[in-house]
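The figures here come from the full heavy-atom set of this structure, side chains too, leaving out hydrogens, waters and symmetry mates. Treat the numbers as computed from the prediction; the structure is a model and nothing was measured.
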Amino acid sequence: MLLSAAILLGVLWWHWNRGWEDLESGLQEDEKATKETRPQAHVPADVMAKLVTHRVDPNYPEAARPANLQGVIVLDVVVGRDGSVLGMHALNGPEMLAEAAMDALRWWRFEPYRVDGQPVVVETTVAVEFKP
């Protein structure tokens, strides 16, 4: 009986320890991913505009037509080493237009921004104009 209890405790400890190690390894991967997506430079919008290789124009939302919403939505954008858009958030404007702008910007591509010849993750702003 004592031997069975010891084996059971050993198995439970092993299971708990393995789960703990899995959690810790996931945290290390999250830290690594955060480091890889953390902007290393802030680049002015006019400089990044020259590096756009693929642009997708936003669709004006049908739900915005009755309210005749219009204006310029400014987005804070993080561009990865490969020129893809890693993340963004709207800095102003109606949510409906901001979502349409972000939907389009997800598909944008840039030439990688380089510092000392190496591509880096950068932060910039992009302005998207909406007219009904």
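Minimum interatomic distance between M96 and P61 (heavy atoms only, all atoms of both residues): O-CG, 3.8 Å. Nearest approach of R114 to P119, heavy atoms of both residues: NH1-CD, 3.2 Å. Residue R65 comes nearest to Y60 through the heavy atom pair CG-CE2, 3.5 Å, listed as atom of the first residue, atom of the second, then distance. For H89 against M102, the heavy-atom pair with the smallest separation is CA-SD, 4.1 Å. Pairing each heavy atom of V79 with each of M48, the nearest pair is CG2-CE, 4.0 Å. Nearest heavy-atom pair across A98 and A90 is CB-CB, 3.6 Å.
Using a 4.5 Å heavy-atom threshold, the side chains of V128 and V126 count as touching. Considering only heavy atoms from C-beta on, V85 stays 4.5 Å or farther from V78 through its side chain. Residues N92 and I73 form a side-chain contact, since some pair of their non-hydrogen atoms from C-beta on lies under 4.5 Å apart. L69 has its side chain out of reach of F130: every pair of non-hydrogen atoms, C-beta onward, lies at least 4.5 Å apart. No side-chain heavy atom of V121 sits less than 4.5 Å from a side-chain heavy atom of R38. Between K50 and E111 the shortest side-chain heavy-atom distance does not fall below 4.5 Å.
No option in D82, V52, V122, V43 other than V52 meets the side-chain contact (heavy atoms from CB on, under 4.5 Å) test with F110.
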| request: Show your reasoning for whether side chain to side chain contact (heavy atoms under 4.5 Å, CB included) applies to M88 and R106. | output: CA-CA 9 Å; M88 70 192 106; R106 281 183 181 85; 3.5 Å; yes

| task | Start with the C-alpha distance between L91 and T125, add both sets of side-chain angles, then the distance that settles side chain to side chain contact (heavy atoms under 4.5 Å, CB included), and finish with yes or no. | result | CA-CA 9 Å; L91 299 176; T125 55; 4.3 Å; yes

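Cluster membership for L97 and V72, using ILVMFWY side-chain heavy atoms within less than 4.5 angstrom, is not shared. In terms of hydrophobic clustering, with Ile, Leu, Val, Met, Phe, Trp and Tyr side chains grouped at heavy-atom distances under 4.5 Å, L86 and W108 are assigned to different clusters.
To the nearest 0.5 angstrom, Y113 atom OH is 11.5 Å from Q40 atom CD. Atoms CZ and CZ, on R55 and R109 in that order, are 14.0 Å from each other to the nearest 0.5 Å.
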